[in-house]
Trainee: 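Input: one structure, supplied below.
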Amino acid sequence: MDFEFSDEQRMVRDLARDFAAGEIAPIAAAIDETGEFPYDSVKKMGELGLLGLTASPDYGGFGGDMVSYVLAMEEISKVCASHGVIMSVQNSLVNYGIEKFGSEDQKQRFLTPLASGQAIGAYSLTEPQSGSDAANMKTVAVRDGDDYVINGRKSWVTSGPVADYIVTFVTMNPQGDHRDTMAVVVEADRPGFERGKKEPKLGIRASATCELYFEDYRIPVTNRLGDEGGGFKFAMSILDKGRIGIASQALGIAQAAYEASVAYARERTAFGKTIGSFQAIQFMIADMALKIEAARLLTLRAAVKADRGERFTTEASMAKLYASETANFVTDKAVQVHGGMGYSKEHPVERYFRDARITEIYEGTSEIQRMVISRAVLGG
Ligand code: CAA
């Protein structure tokens, strides 16, 4: 597999790197502390095309490939994982879902403002009783003439507190199975829609997360993506792309923690020598470098398969699993290399350590990724 990047891929990576250094780095620590959603920098990301990176230019997107997306996601997440997840959800869960499964009218109405960064999107699958067991949803849609009337409650919706459009999965029969589910685009300004309080999170604190409540919420049938009954498969195939995004986010967090550790190992002295001259630290740095490189190769491999139009479910799960475990390994070791400094909020490795944790949970836990991979290997 050839990972020589094209001029366009390098251009996208450099654009994301420069933007992250100029606009995100100065606020990253402060928004982690306050938990404030970074409206201004997210708006600027939209203006630069980063919120519609992989969407078609016909609908306001940048038209980049998945490899460019991985490179850009890593650069943004290296500086701030909250911006990383906002970018990932918008690109791979929302825009992609609408572009792949939406009608021409839906692409004009929803994708164009989303891909051009004028609107914020969210993806809502999880419910209080169903996280990993995603098909077990209870939020119900009942057809009423040319409308659906929706009642229920969704949870852990990333960007839910700020989203204009939410790709939402509902069931037409709460006693049924995944064949009763469908996907709709929820418009946040219609009556019957409420947002819960923002979740107080351990990490990625500047990304906003909440529950959503639907009480006799009415939308036209024209807001349905694809067919009735197709929702669960859409959710799964959209998550395949999402998992490449989270793998790239994890990679960015790991890379940041690794670079901080290398710099600290070179500068900090103990027993009259730099700590990087001790084998204990050298081996930690070696393991970090090795795992990051392997995670990057897995993530790029999944992206290349996606760009070729091949099925990439297993590759995306492998990338997400390995990169997220790597992010947790590397940030843990980075705290260890930094000693007391690594435990202080005055140093960013403490933030990387907290931010890494979610990458093994959302968009399918590590246990779910192992299920997906083992089913591909063994069948069933
Ligand atoms: N693409 C297309 N179709 C797929 C698919 C995929 N990747 N995976 C499964 N399907 C299809 C299957 O082929 C099957 O189709 P048939 O009925 O025709 O046979 C159907 O979907 C049901 O599949 P399963 O029997 O495998 O379903 P399951 O109930 O056993 O669940 C699972 C499988 C992998 C465990 C799935 O439930 C899963 O991925 N769970 C994790 C949920 C998750 O990732 N949630 C994340 C929430 S979003 C989020 O986190 C965003 C954020 O905040 C940033």
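Counting starts at 1 for both ligands and their atoms, following the listed order.
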Trainee: Taking both backbone and side-chain atoms of Tyr362, is any N or O found less than 3.5 Å from an N or O belonging to ligand 1?
Mentor: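 So ligand 1 has no N or O lying under 3.5 Å from an N or O of Tyr362.
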
Trainee: Can you name the closest pair of heavy atoms from Ile373 and Leu321 and give their distance?
Mentor: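 So the two residues come closest at CD1-CD2, 3.8 Å.
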
Trainee: Quick one: does atom 47 (C) of ligand 1 have a protein heavy atom under 4.0 Å from it?
Mentor: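 Yes, because at least one protein heavy atom sits under 4.0 Å from atom 47 (C) of ligand 1.
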
Trainee: For atom 17 (O) of ligand 1, what is the nearest protein heavy atom, given as residue, atom name and distance?
Mentor: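 Looking only at protein heavy atoms, the one closest to atom 17 (O) of ligand 1 is His178 CE1, 2.8 Å.
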
Trainee: Distance to 0.1 Å, residue and atom name: give those for the protein heavy atom nearest to atom 5 (C) of ligand 1.
Mentor: Met236 CB, 3.3 Å

Trainee: Does Ser88 have a heavy atom less than 4.0 Å from any atom of ligand 1?
Mentor: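 It does not, in that no heavy atom of Ser88 comes within the 4.0 Å cut-off of ligand 1.
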
Trainee: Taking atom 1 (N) of ligand 1 as the reference point, report whether a protein heavy atom occurs under 4.0 Å from it.
Mentor: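 Looking at atom 1 (N) of ligand 1, one finds that a protein heavy atom does lie closer than 4.0 Å.
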
Trainee: Assess whether ring pair (Phe, Tyr, Trp, His ring centres under 6.0 Å) is satisfied between Phe193 and Tyr213, documenting all intermediate values.
Mentor: CA-CA 6 Å; Phe193 173 81; Tyr213 308 117; 9.1 Å; no

Trainee: Is the shortest distance from a heavy atom of Leu93 to ligand 1 less than 4.0 Å?
Mentor: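 Yes, Leu93 has heavy atoms under 4.0 Å from ligand 1.
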
Trainee: Do any nitrogen or oxygen atoms of Gly364 lie less than 3.5 angstrom from nitrogen or oxygen atoms of ligand 1?
Mentor: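 Among all N and O atoms of Gly364, at least one is under 3.5 Å from an N or O of ligand 1.
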
Trainee: So, is Ser132 polar-close to ligand 1, with some N/O to N/O distance under 3.5 Å?
Mentor: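 The answer is yes, given that Ser132 and ligand 1 share an N or O pair closer than 3.5 Å.
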
Trainee: Indicate yes or no: at least one non-hydrogen side-chain atom of Met45 is less than 4.5 angstrom from one of Gln90.
Mentor: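 Heavy-atom side-chain distance check fails, nothing below 4.5 Å.
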
Trainee: Mind checking whether Glu360 and Thr365 have side chains closer than 4.5 Å, heavy atoms only?
Mentor: no

Trainee: List the steps and the verdict of ring pair (Phe, Tyr, Trp, His ring centres under 6.0 Å) for Phe169 and Tyr123.
Mentor: CA-CA 8 Å; Phe169 298 89; Tyr123 170 98; 5.1 Å; yes

Trainee: Kindly confirm or rule out an N or O of Lys233 lying under 3.5 angstrom from an N or O of ligand 1.
Mentor: yes

